[in-house]
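These notes are about the structure you will find just below.
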Amino acid sequence: MKRIAPKLAVLAAVAVLLWFFPLVRVTRPGDEPAIDPDAFDPVGYVDAYWTERLPKSHTSAAPAAEVIKALSADAKAAGERFGRTVGMSRGFFFYLRGEGTVVSADGRKVGVALGEGGETADLVLTLGPVFGNAVRDAPGLIGVNDFEDSVAYNDLSAELNRRVESEVQPLLGDALEPGARINFVGCAELSSPRAYRAPLKVTPIAVVLSPAEGAQQ
Amino acid sequence: MNLRSRIASLQSIVALVVLVVALGLMTDSFLTPENGLNVLRQISVNLCLSIGMTLVILSGGIDLSVGSMLALAGAVSAGLLKHGVDLPGMGVHLEFTVLGAIVAGLVVGSLLGAFNGLTITRFGLPPFVATLGMLSIARGLTMLWTGGHPITGLGDTFGQLGSGHLLGLPTPTWIVAALVALFTLITLRTRFGRHLYAIGGNERAAELSGVNVAWVKMGAYTLCGAMAGAAGVLITARLDSATPNAGVAYELDSIAAVVIGGASLSGGRGSVLGAALGCLIIGILNNGLVLLEVSPFWQQVIKGGVILLAVAIDRAARGGK
């Protein structure tokens with residue numbers, strides 16, 4: 001009996017604890033709470049941002065050729081001149097645009113030689129799952145203080161990355177031929193100036209393609 | 001205790017002091033309160049894993065699956081918190097509270113750890129092989145559970161667990177400090193703890209003395225899994241995201257921390273406090289290398305070198321034993 005009493009006391013304490021702090025709540029169909037009209041809707045926010053605010057800012061993106069030239073010379077100075085930093089980070093986000101020739105395309109990345117007639121890639125447009133916050137942070141149009149909490153801010157980033165995957169990357173699919181002309185706007189991130197390695201990896205957010213000369217239409 | 005043993009027992013503290021002084025001299029941003037809190041927060045996940053790893057290593061085993069168990073526990077915790085579970089047969093939906101999600105993560109870790117213990121004690125698989133299998137199984141299950149995508153947007157309350165503060169210190173620091181205290185007591189003051197040391201020192205002798213070796217080992221692996229589950233919950237809360245690739249290669253850092261903390265990989269020697277010191281040394285080393293802008297590739301090389309050096313010094317200090 002003496003041995004059972006402490007065990008019963010522990011069980012009773014756990015039961016009381018679980019009564020006040022339950023592990024699960026059981027709901028039935030129809031019990032779902034009404035949607036909070038004030039809750040942040042990342043899809044709705046990005047709908048407007050993606051089609052209105054962001055395209056208007058394309059002209060303010062830095063010329064990719066200048067950014068890459070500056071990065072090759074002095075990555076830190078290039079970051080200070082063309083990049084943005086967020087919070088206490090020592091890394092840089094770059095918002096850039098450019099025009100060039102597709103020199104390689106393998107379904108994971110597209111190599112682009114900037115300008116006319118280049119044969120080696122000055123930068124690569126990356127394909128596949130998009131992670132990180134470059135798409136949200138590089139253009140500099142959205143600040144953390146615009147949101148009530150970091151969850152909404154993170155949700156926004158996830159939705160922007162999803163737009164890149166679903167709306168931009170399909171334009172750069174397997175059918176892309178080397179020699180095609182490409183006009184692009186994109187975002188890049190360097191975790192620190194020393195992390196720069198050529199060619200720069202850029203997440204494309206808008207592309208316009210013209211077929212390679214001599215390619216079948 | 002002879003002089004060599006005294007030096008051996010103090011080597012982690014000496015290494016820590018040397019590291020702090022050196023980095024303090026080499027970079028202005030190291031010895032600042034903000035950076036100190038940053039290091040404390042960063043080491044909390046590895047410390048959680050290292051506590052569990054200490055138990056397993058004390059028993060003469062090894063657990064290579066802690067990183068994968070962390071990922072699965074974190075993903076299950078996040079998935080249940082975000083989406084709950086439908087019970088179609090009963091026509092109900094279970095909505096998990098934050099506490100429920102945390103408990104789920106711990107339970108998942110414990111079950112995986114118990115499975116490791118079962119394969120080692122009942123089926124006689126070497127710990128290296130059994131936990132290597134679990135490394136792959138748990139990672140695969142994480143991919144299946146998440147569909148290969150991160151689970152994000154877990155809410156502020158859950159996030160506080162990983163990024164909040166309590167009395168000026170990061171919440172994860174309080175949590176792991178409590179765990180260090182609890183497991184120090186368990187290893188030093190309970191029969192289970194004494195049996196762990198006995199089994200690691202000489203398994204056959206312990207068995208002949210009446211120690212239930214299988215149960216004690218089961219306990220060690222189960223608790224190691226539970227600690228991996230706790231680490232999974234902490235890292236998920238801190239990042240507000242459960243990623244399928246979370247915890248890759250974390251087992252190496254936790255083993256390194258335990259070894260740097262003075263544990264013997266053949267079992268029977270080591271302590272939770274030593275592992276905590278080991279974690280602090282690795283955390284400070286990581287932090288210092290980043291502040292000094294050392295390339296991530298070189299960071300790996302330097303960390304590996306430090307582990308080798310720590311073990312070599314330990315062996316020398318203990319007379320080559």
Side-chain angles (χ1 to χ4, degrees), chain A residues 14 16-33 36 39-43 45-46 75-76 79 87-92 128-133 136 144 147-162 165-166 190-197, chain B residues 29 32 34-35 37-38 77 80-82 84-88 90-107 146-160 162-164 237-241 243-245 289-299:
Chain A
V14 170
V16 170
L17 202 65
L18 291 178
W19 178 262
F20 287 105
F21 301 101
L23 301 183
V24 293
R25 291 191 191 91
V26 180
T27 57
R28 295 175 191 284
D31 287 352
E32 291 84 4
D36 178 1
F40 177 68
D41 170 21
V43 176
Y45 185 101
V46 171
K76 192 174 179 189
M88 293 173 67
S89 165
R90 290 181 305 153
F92 295 106
V130 182
F131 298 109
N133 300 314
R136 181 192 66 192
V144 67
F147 299 87
E148 283 190 9
D149 55 49
S150 60
V151 174
Y153 195 49
N154 290 338
D155 284 351
L156 176 64
S157 196
E159 177 59 21
L160 283 167
N161 291 348
R162 199 189 62 73
E165 291 167 13
S166 63
L190 280 188
S191 57
S192 77
R194 298 181 68 160
Y196 174 64
R197 300 281 182 281
Chain B
S29 47
T32 61
E34 294 80 16
N35 192 49
L37 294 179
N38 189 26
S77 187
L80 292 178
L81 182 63
K82 180 122 189 190
V85 177
D86 280 324
L87 300 177
M90 300 166 72
V92 296
H93 175 77
L94 293 184
E95 200 176 275
F96 277 69
T97 61
V98 168
L99 182 63
I102 294 168
V103 170
L106 296 178
V107 169
T146 60
H149 300 291
I151 302 171
T152 56
L154 304 173
D156 276 349
T157 312
F158 189 67
Q160 284 297 313
S163 51
R238 189 173 127 208
L239 302 176
D240 186 34
S241 168
T243 57
N245 285 325
L289 292 174
V290 170
L291 292 179
L292 293 171
E293 295 190 20
V294 175
S295 141
F297 308 136
W298 275 110
Q299 287 182 27

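The sequence lines fix the lettering, A, B, ..., with proteins before strands; numbering per chain opens at 1.
With sequence neighbours left out, B:E293 forms a side-chain hydrogen bond (donor to acceptor under 3.5 Å, both in side chains) with A:R90.
Residue contact with chain A, scored on non-hydrogen atoms closer than 4.5 Å, is absent for B:V85. Proximity to chain A (any heavy atom under 4.5 Å) is shown, for B:P296, by neither the backbone nor the side chain. Heavy atoms of B:F297 lying under 4.5 Å from chain A belong exclusively to its side chain.
A side-chain donor-acceptor contact under 3.5 Å links B:S77 to the backbone of B:A101.
Atom NZ of B:K82 is surrounded by more than 12 heavy atoms from other residues, nucleotides or ligands within 6.0 Å.
Put simply, the side chain of B:L292 does not reach to within 4.5 Å of the side chain of B:Q299, judged on heavy atoms.
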